[in-house]
Amino acid sequence: MKNTSYLATITVLLVLVLDQASKFWVKLNMTLTDEIAVAGNWFYINFTENNGMAFGIEFAGEYGKLILTLFRIVAVSGILYFLVRMIRTGSPKGLVISLSLILAGAFGNIVDSVFYGIWFNDSYHQVATFLPDAGGYSKLFHGKVVDMLYFPILSGHFPDWMPFWGGDPFLFFRPVFNIADSSITVGVGMIILFQKKFFANA
C-alpha cells in the first residue's frame with residue numbers, strides 16, 4: 001500500500017507543479033491573446049483565460065462562476081476520498097494513477113479559480129504582476145483559469161456538397177487548454193480503455 005500511496009502522491013505533485021509553473025510563466029511573461037509558435041503551424045503557446053470548465057467551456061455570470069468553483073471543490077473532495085479508498089483496498093496501480101491524474105488536474109484548475117483573482121492583476125494589454133500592490137483583478141473564488149496549449153493541427157473547408165456546413169471553414173483542434181485539462185483527459189481515458197482490467201474484481 002505504501003508504494004501505491006507514494007506513486008499517487010508523486011503523480012499528483014508532478015502534475016500540480018508542471019501545471020502551476022506553466023500558468024505562472026504565461027501570466028508573468030505574456031499578455032492576453034499573445035501567441036508563441038513552438039512547433040511549426042501546429043503547436044502554439046496561446047494565452048487565454050476562461051471562467052469555466054476544461055477547454056474553455058463556461059458558465060455565465062458571477063454566480064455561475066462561484067457555483068462552478070464550489071462544485072469543483074466538492075468533486076475533488078469526492079475524488080480524493082475514492083482515491084484513498086482504492087489505495088487502501090489494493091486496487092490496480094493503473095487505476096490509482098488514473099485517479100491521481102484526474103485529482104491533480106481538477107485541483108490545478110481549482111487553484112486558478114480560487115486564488116488567481118487575488119494573486120494577479122489582469123492581463124489586458126499588460127503583463128500581470130504577482131501580488132500587485134493595488135490588489136488582484138477579482139476576489140477570492142472568482143479567478144480565471146489560465147489556458148495556453150493550442151494545437152491547430154488541421155484546417156481547411158468542408159466540401160461544398162456537405163449539408164449544413166458545406167464550404168464553411170473547420171479547424172482541428174480548436175480549444176485552448178492547459179496541463180491540468182490534459183491530466184484529467186488522460187486519467188479519464190485510461191479508465192475508459194482499461195476499465196475491464198481495473199474493475200475485474202468489482
ILVMFWY cluster, [X] and [Y] together (side-chain gap under 4.5 Å):
| X | Y | result |
| --- | --- | --- |
| F177 | V38 | yes |
| I79 | I192 | yes |
| I10 | V15 | no |
| L18 | I36 | yes |
| L131 | V26 | yes |

With [X], which residues qualify under side chain to side chain contact (heavy atoms under 4.5 Å, CB included), at least two apart?
| X | answer |
| --- | --- |
| F82 | M86, L99 |
| L140 | V114, F115, I118 |
| N29 | W25 |
| L80 | V84, L103 |

Between [X] and [Y], what is the shortest heavy-atom contact and its length?
| X | Y | answer |
| --- | --- | --- |
| V96 | S91 | CG2-O, 4.2 Å |
| S98 | I191 | CB-CG1, 3.6 Å |
| A180 | G105 | CB-O, 3.2 Å |
| V146 | F47 | CG1-CE1, 3.9 Å |
| H142 | Y137 | O-CE1, 4.3 Å |
| T11 | L7 | OG1-O, 2.8 Å |

Starting at [atom1] of [X], measure out to [atom2] of [Y] and round the result to the nearest 0.5 Å.
| X | Y | atom1 | atom2 | answer |
| --- | --- | --- | --- | --- |
| L13 | L16 | CG | CG | 6.5 Å |
| K144 | S138 | NZ | OG | 8.0 Å |
| Y116 | F24 | OH | CZ | 4.5 Å |
| N46 | M30 | CG | CE | 7.0 Å |
| I102 | I184 | CD1 | CD1 | 8.0 Å |
| I87 | L83 | CD1 | CG | 4.0 Å |

> Can V111 and W119 be said to form a side chain to side chain contact (heavy atoms under 4.5 Å, CB included), step by step?
Replying inline: CA-CA 10 Å; V111 173; W119 282 356; 3.9 Å; yes

Report yes if some heavy atom in the side chain of [X] is under 4.5 Å from a heavy atom in the side chain of [Y]; otherwise report no.
| X | Y | result |
| --- | --- | --- |
| E35 | I45 | no |
| P132 | F120 | no |
| K197 | P92 | no |
| L149 | V176 | no |
| I110 | V76 | yes |
| V74 | L70 | no |
| T48 | T33 | no |
| I73 | F141 | yes |

Pairs flagged by salt bridge (charged side-chain N to carboxylate O under 4.0 Å, His left out) wherever [range] is involved - sequence neighbours left out:
| range | answer |
| --- | --- |
| residues 182-191 | none |
| residues 90-111 | none |
| residues 99-121 | K23-D112 |

>> With a 6.0 Å cut-off (strictly less than), is the heavy-atom count around CZ of F130, excluding the residue itself, greater than 12?
In response: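 Yes, enclosed.
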
>> So, using salt bridge (Lys or Arg N to Asp or Glu O under 4.0 Å) as the criterion, who are the partners of K27 when residues are at least two apart?
In response: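 Applying salt bridge (Lys or Arg N to Asp or Glu O under 4.0 Å) to K27 gives E49.
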
Residue list, side-chain hydrogen bond (donor to acceptor under 3.5 Å, both in side chains) with [X], at least two apart or on another chain:
| X | value |
| --- | --- |
| S22 | none |
| N121 | none |
| T31 | D34 |
| D133 | none |

> Between Y150 and F43, is the ring centre distance below 6.0 Å?
Replying inline: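 So the answer is no for these two rings.
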
> D19 and N109: side-chain donor and acceptor closer than 3.5 Å?
Replying inline: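 No - no donor-acceptor pair under 3.5 Å links their side chains.
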
>> Testing the 3.5 Å rule here: is there a donor-acceptor pair between the side chains of N41 and Y44?
In response: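 A donor-acceptor contact under 3.5 Å links the two side chains.
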
> Is it true that a side-chain atom of S183 and a backbone atom of I179 form a donor plus acceptor pair closer than 3.5 Å?
Replying inline: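 No, S183 side chain to I179 backbone: no donor-acceptor pair under 3.5 Å.
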
